[in-house]
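Here's the structure we're looking at; comments come further down.
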Amino acid sequence: MQRDLGSLPLAPALRARLVAAGFQTVQELLETGPCGLSKEIGISKEEALEALQVVRQECHGDAARTAGGSGATRKCTALELLEEEQAQGFIITFCSALDNILGGGVQLTKITEICGAPGVGKTQLCMQLAVDVQIPECFGGVAGEAVFIDTEGSFMVDRVVDIATACVQHCQLIAEAHQEEDNLKALETFSLESILSHIYYFRCRDYTELLAQVYLLPDFLSEHSKVRLVVVDGIAFPFRHDFEDLSLRTRLLNGLAQQLIIVANDHKSALQEGKEHSSTFRLGSAIGLAAESVPSLLP
Amino acid sequence: MAAKKLRRARLSQELCERLSRHQIITCQDFLCLSLLELMKVTGQSYHDVQKLLCKVSRACAPKMQTAYEMKLRKSVNPSSAFLSTTLHSLDKVLHGGVPCGSLTEITSPPGCGKTQFCIMVSVLATLPVSMGGLDGAVIYIDTESAFSAERLIEIAGNRFPTYFDSDEKLYCMTRSVHLYRELTCDSVLKRIMSLEEEIISKKVKLIIIDSVASVVRKEFDTQLQGNLAERSNFLARGASVLKYLAEEFSIPVILTNQITTSLSNGLVIQADLVSPADDLSLSEGASGSGKRESGCVTAALGNTWSHSVNTRLILQYHDLPTRQLLVAKSPVAPFSAFFYTIEKSGLVLQDGKDQTNLTLEGMNPALQTIRVRNTALKDTLLDAALPSTTGLLYCWSESRGGPRS
């Protein structure tokens with residue numbers, strides 16, 4: 001209740017007027033009703049009511065937080081976290097060596113970064129993961145859908161068709177060998193068509209479109225709640241040219257990374273970034289530092 | 001999309017005016033600011049600003065399509081997904097030929113057949129769809145003045161003698177190849193920017209730029225300070241415009257590139273230095289101490305460019321007159337090698353020739369070593385450390401009209 005007015009999410013103009021009128025804490029504001037407020041600082045009664053409602057909502061959130069309930073900050077013990085992590089699935093790739101190194105597969109709720117020289121296979125791996133995330137649970141997968149954000153234009157549908165066909169065949173072989181009912185039922189819905197229709201593709205041609213798409217990602221994910229993987233192929237590419245202001249670029253990249261972390265945590269999905277090989281001259285290393293310091297959750 | 005004015009993003013008029021007073025006119029300016037800055041500039045509360053951000057993002061975000069829709073679109077018109085090169089083994093490996101909608105690069109030492117390949121593909125693009133062509137015009141941007149119309153007719157007449165049986169058909173084909181001679185980086189960039197309207201009006205189905213490397217290396221000396229960044233900037237901008245054109249109109253874009261030497265001991269050689277990063281990469285067999293052949297020959301223009309192109313084909317010398325074609329980088333094809341010669345009818349693959357000596361393995365396409373003519377000839381008298389000058393010698397001694405000896 002003694003919270004300072006400056007920390008509330010009010011419009012700057014309104015905040016300036018409140019300060020000028022001498023209000024300092026939330027308590028003082030709530031004691032004056034909407035009519036008194038509107039008279040003192042010269043705004044309409046509706047605006048005053050709106051402001052008071054915002055303030056009350058913030059305080060309510062504060063109180064809930066201090067009482068230890070669920071709010072924007074979660075509090076839990078390490079044991080709960082461990083159980084949560086163990087219960088989570090991995091995105092398997094059917095390549096046992098790779099799955100072993102990653103500790104089971106690509107982890108959900110974490111950001112995994114793939115860097116490499118040109119032509120080494122980053123886009124191939126991303127395409128494979130977009131197919132593998134859809135593997136049904138009875139075969140060990142997470143049965144989810146995938147979002148593919150492409151900035152370089154190297155997504156080839158024909159190649160995805162090849163990969164998906166091979167994956168379906170692999171699952172069919174497993175089903176034939178084990179002859180379980182679950183497997184056969186799952187195979188009915190796991191077909192080339194369904195795999196392709198659950199890969200949502202966005203082609204971003206410059207960094208503005210990339211920023212816009214990442215801002216809209218939370219809404220998209222709440223509409224498509226089965227998405228379990230978000231791939232950003234080429235996060236460095238749109239930032240490598242036409243940027244004189246390097247500090248702006250660092251800030252935008254960091255902002256992007258923060259938002260992706262929020263998305264990964266809130267929506268329980270895995271994020272992949274295919275990053276180019278950053279060379280050692282200034283242009284590349286600026287990206288290298290920014291993009292690598294944030295995903296500290298690399299396995 | 002980035003330059004979209006905020007007015008068209010359905011923001012209210014007074015908000016737009018208020019923002020323009022702070023020099024925020026396009027969606028790009030709006031999205032580059034942080035939430036607090038936006039609050040200050042718009043004078044609205046936190047939640048309202050978030051809603052505004054969503055509105056502006058919706059105005060510039062790309063449209064969603066599922067992979068299935070993309071596949072359906074391609075399967076409706078299967079012949080238009082690739083341009084067959086009529087080199088059967090190569091087409092098989094590339095799943096049809098030169099892919100439409102992406103950039104394909106041909107790299108080779110001088111005199112290996114880049115321009116020949118480009119001229120041959122120009123003929124192919126003008127053929128009707130029933131013969132594997134794209135039935136359209138070709139835009140050929142020539143920076144080295146290496147294009148020869150006589151060679152174009154020779155290839156057409158020899159490769160498809162039954163189709164080009166009359167002079168009229170030949171002239172009709174030549175009318176569809178539009179040649180532009182550009183000699184500076186600026187003019188090349190301006191030409192690329194102006195291509196959108198030409199593609200629509202002339203029904204263009206193929207863009208060829210021969211070659212990107214020659215203008216760039218003439219103007220940007222990477223040893224001067226600042227030039228390296230400018231060069232990367234120019235290349236990246238050109239690449240993104242070409243990618244946009246390729247995807248928008250679903251046409252193939254073919255670019256040619258030159259070679260450079262990357263040394264392990266940081267020795268500077270003429271203007272062939274690509275980037276410090278390539279310097280630091282170790283080349284095989286490099287001892288460095290006084291040995292002339294302490295470098296390896298790779299594709300020019302550096303790492304940024306290698307990332308920008310989607311497919312990279314490397315032509316190199318094998319033993320004369322046979323040359324080798326490598327598929328070094330491709331999203332659909334594995335690393336493969338083919339032998340070919342240059343005949344009257346263009347490039348001809350040597351099918352069935354000893355393909356078993358494929359001891360080569362694919363590596364980083366930006367660092368894939370390329371065999372130049374002097375290593376093939378094993379001529380130790382020639383100064384191997386200066387491939388550019390020897391390359392030039394060979395260049396001038398070649399004629400553009402016929403097969404190489």
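Per chain, numbering begins at 1; letters A, B, ... match sequence-line order. Just so it is clear, the values below take in all heavy atoms, side chains as well, and ignore hydrogens, waters and symmetry mates.
With rounding to the nearest 0.5 Å, the separation of OG in B/Ser57 from CG in A/Asp219 is 9.5 Å. Here the straight-line distance linking atom OG of A/Ser154 with atom NZ of B/Lys329 works out to 7.0 Å at 0.5 Å rounding.
Not counting sequence neighbours, B/Gln44 has no partner by the side chain to side chain donor-acceptor pair (under 3.5 Å) test. Taking the side-chain contact (heavy atoms from CB on, under 4.5 Å) definition, one finds that A/Val161 meets it with A/Val157, A/Thr165, A/Leu192, A/Leu196, B/Lys71, sequence neighbours left out. Remark: A/Gln134 engages no residue in a side chain to side chain donor-acceptor pair (under 3.5 Å) (not counting sequence neighbours).
Between A/Arg205 and B/Glu247, some side-chain heavy-atom pair lies under the 4.5 Å cut-off. Side-chain contact between A/Phe155 and B/Pro331: absent, with no pair of heavy atoms (C-beta onward) separated by less than 4.5 Å. Between B/Gln65 and A/Phe202, every side-chain heavy-atom pair lies at or beyond the 4.5 Å cut-off. Counting only heavy atoms from C-beta outward, the side chains of B/Met64 and A/Gln213 never approach each other to under 4.5 Å. Inter-residue side-chain proximity for A/Asp158 and B/Phe82 is flagged as met; some heavy-atom pair is nearer than 4.5 Å. Using a 4.5 Å heavy-atom threshold, the side chains of B/Gln28 and A/Glu209 count as separate. In this structure, the side chains of B/Arg58 and A/Tyr215 stay at 4.5 Å or more apart for every pair of heavy atoms.
Contact of A/Thr123 with chain B is not made at all, since no heavy-atom distance falls under 4.5 Å. Both the backbone and the side chain of B/Ser34 come within contact range of chain A, each with at least one heavy atom under 4.5 Å from a heavy atom of that chain. With a 4.5 angstrom heavy-atom cutoff, A/Phe220 touches chain B only via side-chain atoms. If you measure heavy-atom distances from A/Leu248 to chain B, the contacts under 4.5 Å come from the side chain alone. With a 4.5 angstrom heavy-atom cutoff, A/Gln124 touches chain B only via side-chain atoms.
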**Message:** Between B/Ser102 and A/Met156, is the side-chain contact (heavy atoms from CB on, under 4.5 Å) condition met? List the steps.
**Reply:** CA-CA 10 Å; B/Ser102 67; A/Met156 299 262 151; 3.9 Å; yes

**Message:** Go through it in stages, so that I can follow the logic: the residues are B/Cys32 and A/Leu252, the test is side-chain contact (heavy atoms from CB on, under 4.5 Å), and I'd like the CA-CA distance, side-chain angles, deciding distance and then a yes or no.
**Reply:** CA-CA 7 Å; B/Cys32 283; A/Leu252 289 178; 3.9 Å; yes

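The nearest pair of heavy atoms linking B/Lys243 to A/Glu152 is NZ-O, 2.5 Å. In terms of heavy atoms, A/Leu211 sits closest to B/Leu31 at CD1-O, 4.0 Å. Closest of all the heavy-atom pairs between A/Ala212 and B/Cys60 is CB-SG, 4.2 Å.
Chosen from B/Phe234, B/Tyr68, B/Tyr244, the residue pairing most often with chain A at heavy-atom distances under 4.5 Å is B/Tyr68. Chain A forms the most heavy-atom pairs under 4.5 Å with one residue out of B/Ser330, B/Ala239, B/Ser45, and that residue is B/Ser45.
Around atom CD of B/Glu37, more than 12 heavy atoms belonging to other residues, nucleotides or ligands sit under 6.0 Å away.
Contacts between residues 48-56 of chain B and chain A, defined by a heavy-atom separation under 4.5 Å, are made by B/Leu53, B/Cys54.
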